Amino acid sequence: MGKIRPIMIKGHERALTMIKYNRDGDLIFSCSKDHVPSVWYSENGERIGTYHGHCGTVWCLDVNWDSTKLLSGSADNCCKLWEVQSGECLHTWKHTAPVRCVGFAMGDKRFLTVLDNIMGNVPTIYVWELELNNLANHPDCPLLTILGHTGKIGRALWGPLNEAIYSVSDDSTLRMWDPDSGEEKHVMEGVHTKKITDLQLSYDKTLLCTSCTDQFVRLFETKTLRLLYAFNSERPLNSAAISPLPHCPYLIAGGGQDAMSVTTTAAQQGKFETLFFDHAFGEELGCIGGHFGPVNTLAFAPHGRSYASGGEDGYIRIHHLDQEYFEAYEKKVTESGILAADKA
Amino acid sequence: MAPGWGDDEAQGDANFDLPPRFETDVDVNGVKTITTVRTNDMGQKIKTERTVKVTKTTVKIPKAVLERRKWNKFGAEKHKPAGYHGRGHVSEWVTLDVNEQLLDMKPKQVVAEERNESAERAFEKMNAGTFEAWRPKNRGDAVNDVANRMGHHDHGGPGGGGLAALAEGGGRGGYVPPSLRNADGSRNAELAQRDDSCTVRVSNLSEDVKDSDLRELFRRFGGIQRIYLAKDKETHQSRGFAFINFYNREDAAQAIATLDGHGYDHLILSVSWANPTAQAPQQAPPSGLGAFPALGSGAGGGGARDPSGRPLFGARAGGAPSRGDAGMEQKYDNHIHSSSLDRFR
């Protein structure tokens, strides 16, 4: 049994909306409903700085490959580009509705934003050109407009080598788009039965996981969108992430009763734990509690040694995983090998 | 090297009468000795000697990360000192959770099994393109369903018909305990009718036996679906018997053959089939309710009885050779047959 003492960060005044690690895993970017995204050292939870400029809930963040630029999307209908080190706002792209998701393409030449479908807008994914050397003359119209979803798009992200854009939506479909033509390459209907709340790639981008309010966390092969696993977590899910380590083939998923009904239940019944699933053996492993509101966002560090969760309670919790966690899988493989040999 | 988070080396009031902390040099085996002297609450001097193995680990940190660790703070943190302050750094935002979180990496076998069953079914349905698995059953339909079934089985008499409906997962319109529910709240039929044919009953266990001990003991025979160890409600100690559900009958048979009469924790284990009637149907008393063989003998009374009226749960139908103390055997039979157990059968 592994013991973990998480670092609790109470730096945001309101519910967390998204947490992202940078590629080296030494920084954590977080945004919340309190309008000010922050950046932290992931090892000790020390805050490096804050990004001031938004005047609405910040829904989403993305950091580029070398951790120099940060994109954020907000309910004030703006998408902003920031200098990570100084907190300076480099550019603002105005939208007609809240920006629900942003994402750098690999190579930082393009990025995408997702438009909320309120105030008479249809759910849209925009692809923008990004010229980091020439931001002053940046065109204020998107390169491409992708339409097709019939419900609010929760997440969209670039697939491996920018060959596709994947998006999930409240219309319970997972769609795959061509990022050059905007054509719909694939639509997956009927697998999810309720709102899909999160979509995350594994570190090597071969696996894709979704969390859904129908209480299942599902694992897909990125290229073919073949469903590999579905786990029932027995709670509506808000987020799911994939462990990047090959000897820890785990999925984590978190959620809990939605904010509306939380006040009527005790924390234990709200099911606010983060669950661990082994997708190689198809088993549920353990769970880690601690949040006293639903878990809104989860992120695995790219080095796989820690993960962070952000909750409706305004806390970020950084969990540094212990030795037993890393050994558990191989131990299980050996044991099951012995069992099989015994049977033969 | 900064002190660890848990180190309470730094004593607030340093006592000058005491010799200072002394460390030997690291010897060839990489071991050093640290000697400290302190006074306790009663004024006694306490000398502590600790031997510590010194190991060197190389941590590779990317250049970019080192560069970022020198960054100046900005935004709301502008007035703070620049750079990274190492693990254990305390600031107004950060606290270490007072509670340790336990992450048990052992698979939650029972839970996972139950869940995976429903997940698997859902999975099949997904690939077939229909979603019956999630659609909540219409309450009205369910009642009709039961009514139909009862009509179908009317030759079994009114009581028997009801039982049959119950056995087939009927009463779906009624309350379903959470443990037996599917994802959509409907009754999970597989769970409700747990197959007893691969279940082994173990008795004469000692009081401090745990689930994990039983798993260790029985795992060698094959996959275990579920372990039920009867525990006292108040003391949470074992009540001396347990049921082990195997996946395969052969495994269960093997377990019985090997472990019956086996010594464990100073006691002699008694291992037998949990459901003797299902194991030896030809030896069971002929039942009037032929339509429901599994329930037939149970419907008459509290459980299967042989002609002498002695409950059959403890001994095998053919009459097991009694092992150990005969009084003991009888005691467990009564034990097993207590009404509290009937809930689990």
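Remember, predicted model here, so these are calculated numbers, not experimental data. Proteins come first, then strands; the chains are lettered A, B, ... in the order of their sequence lines, and each starts at number 1.
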Relative to chain B, which segment of [X] carries a heavy atom at a distance below 4.5 Å: side chain, backbone, both, or neither?
X         : result
Leu321(A) : side chain
Asp26(A)  : side chain
Ile318(A) : neither
Glu335(A) : side chain
Ser67(A)  : both
Asn22(A)  : side chain
His320(A) : side chain
Tyr250(A) : side chain

Quick check: does any side chain N or O of Glu46(A) sit under 3.5 Å from a backbone N or O of Tyr84(B), one acting as donor and the other as acceptor?
no
Is the backbone of Gly75(B) close enough, under 3.5 Å, to the side chain of Thr50(A) for a donor and an acceptor to pair up by distance?
no
Considering all heavy atoms, the nearest [X]-[Y] contact:
X        : Y        : answer
Lys70(B) : Tyr41(A) : N-OH, 4.3 Å
Glu43(A) : Arg69(B) : CG-NH2, 4.1 Å
Asn72(B) : Ile48(A) : O-CG2, 4.2 Å

Under 4.5 Å, counting heavy-atom pairs only, tell me which of His12(A), Arg47(A), Lys331(A), Lys10(A) racks up the most with chain B.
Arg47(A)
Could you tell me whether [X] atom [atom1] has more than 12 heavy atoms of other residues or ligands within 6.0 Å of it?
X         : atom1 : value
Glu221(A) : CD    : yes
Glu330(A) : CD    : no
Lys195(A) : NZ    : no

Would you say Val39(A) and Trp71(B) make side-chain contact, with heavy atoms under 4.5 Å?
no
State plainly whether the residues Arg68(B) and Asp24(A) are in salt-bridge range, i.e. N to O under 4.0 Å.
yes
